[in-house]
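These notes are about the structure you will find just below.
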Amino acid sequence: MTDLAHLSASIAEQIKKRQPFPVTTGIILGSGLGDFADGLTEKTVIPTSELDGYPVTSVIGHSGKVIFGKSNGVPVLAFQGRIHFYEGHDIRLTALPIWLMKHLGIRKVILTNAAGGLNKQFKVGDLMLISDHINFMFRNPLIGKNPDDFGPRFPDMSDAYSKDLRALAATVALDLKIGVQTGVYLGLTGPSYETPAEIEMFRLLGADAVGMSTVPEVIQAAHLGIQVLGISCITNMAAGITGQKLSHDEVTETGKLVQKKFTDLIKGILQKC
Ligand code: HPA
């Protein structure tokens, strides 16, 4: 694989040719949360299959599209569908959307995902503002030669999930009377779900939610100086918490149930950021 700085620059050039207006905020829509893009106006939809060099993704509930649109007049670039490590891609590729956003001039990104809840105060359908993460993927998208023109060799991760954006999101949620949780996201490779014993260990380690994405994207965003707001939708309680079996259908179904409050929250945040 060529390095991500070059690959992403070439894909960004193809996107720029079809870009209708400038954008400074991006969003990646997680499993079952893709409908947010339906409500955008003045849309330009680019299927990722039309972008030379863009990896093919295959997860149900993750159609691959890059969408320029406006949310109540605010320009946004939405990625419907993500590149997951468990599909067999190089870990660096999972952060490609963040590189593309960098080339397109984006400074803030909202990363959303479906996650299993570990915190026993959480309920299925809760939205969680991510305060921090634990990288249990044991992979890092920055390994390799550092593109010094873009970011430092050793990026700081102490405000990787921007405190300012989190505070803004909490205020918007309060105004809209949407209850939100806050917590630590623990990222795993998947694709198997966790065992109950693993979940118990992660709870002891301080995780509130688990999922199979986001972590490499956040690391890449920290490297490229893009501010991150992370939001997890608790689509199920994690293995062993309720004794129920886990399925991807439950994940996408819960995504659909929370769609309205999720969309309202995102729209409200976009108005303010
Ligand atoms: N575990 C890992 N990833 C997930 C889960 C889960 O319980 N729910 C949604 N994504």
Side-chain angles (χ1 to χ4, degrees), residues 27-36 57-64 79-89 91 94-95 97 110-139 161 180-219 228-259 261-262 265-266:
I27 181 165
I28 297 183
L29 298 163
S31 281
L33 303 171
D35 293 356
F36 165 77
T57 55
S58 60
V59 191
I60 311 160
H62 286 271
S63 48
F79 282 77
Q80 218 179 31
R82 334 179 116 79
I83 304 160
H84 287 94
F85 184 61
Y86 59 70
E87 291 172 272
H89 300 297
I91 193 72
T94 64
I110 305 174
L111 298 176
T112 69
N113 59 46
L118 276 71
N119 186 320
K120 291 184 181 169
Q121 309 297 316
F122 290 3
K123 294 186 311 300
V124 169
D126 278 354
L127 298 178
M128 182 187 92
L129 304 179
I130 307 177
S131 57
D132 208 343
H133 76 215
I134 299 174
N135 184 358
F136 244 78
M137 291 182 162
F138 301 116
R139 306 289 195 294
Y161 296 82
V180 285
Q181 309 281 4
T182 299
V184 172
Y185 176 90
L186 185 142
L188 298 145
T189 66
S192 53
Y193 289 113
E194 305 70 38
T195 64
E198 286 164 349
I199 290 298
E200 188 51 26
M201 172 180 74
F202 297 149
R203 238 167 40 77
L204 294 172
L205 292 179
D208 296 292
V210 279
M212 307 175 192
S213 68
T214 307
V215 165
E217 296 156 5
V218 172
I219 293 171
V228 170
L229 173 66
I231 304 178
S232 290
C233 168
I234 305 300
T235 52
N236 57 280
M237 292 312 287
I241 303 268
T242 62
Q244 230 179 304
K245 282 198 174 183
L246 272 52
S247 78
H248 187 62
D249 287 348
E250 185 189 2
V251 169
T252 49
E253 274 158 30
T254 308
K256 286 193 191 109
L257 290 178
V258 303
Q259 201 63 243
K261 77 170 170 181
F262 173 76
L265 180 63
I266 301 290

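Read the numbers this way: they start at 1 and go in the same order the structure lists the ligands and their atoms. Since the model is a prediction, treat every value here as computed from it, not as a measurement. These values consider heavy atoms only, across backbone and side chains, with no hydrogens, waters or symmetry-generated copies.
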Heavy-atom nearest pair, Thr182 first then Met128, reads C-CG, 3.8 Å
Sequence neighbours excluded, the answer for salt bridge (Lys or Arg N to Asp or Glu O under 4.0 Å) partners of Asp132 is none
How far apart are the C-alpha atoms of Val184 and Ser131, what are their side-chain angles, what is the distance that settles it, and do they pass the side-chain contact (heavy atoms from CB on, under 4.5 Å) test?
CA-CA 6 Å; Val184 172; Ser131 57; 3.9 Å; yes
List the steps and the verdict of ring pair (Phe, Tyr, Trp, His ring centres under 6.0 Å) for Phe136 and Phe202.
CA-CA 10 Å; Phe136 244 78; Phe202 297 149; 4.9 Å; yes
Dump the pairs for me: ligand 1 N or O, protein N or O, distance under 3.5 Å, to 0.1 Å.
from: ligand 1; atom 1: 1 (N); to: Glu194; atom 2: OE1; distance (Å): 2.8
from: ligand 1; atom 1: 1 (N); to: Glu194; atom 2: OE2; distance (Å): 3.2
from: ligand 1; atom 1: 7 (O); to: Asn236; atom 2: ND2; distance (Å): 2.9
from: ligand 1; atom 1: 8 (N); to: Gly116; atom 2: N; distance (Å): 3.3
from: ligand 1; atom 1: 8 (N); to: Asn236; atom 2: OD1; distance (Å): 2.7
from: ligand 1; atom 1: 10 (N); to: Ala114; atom 2: O; distance (Å): 3.4

I need the minimum non-hydrogen distance between Leu111 and Arg82, along with the two atoms involved.
CB-NH2, 4.3 Å
Any chance the side chains of Glu250 and Asn236 put a donor and an acceptor closer than 3.5 Å?
no
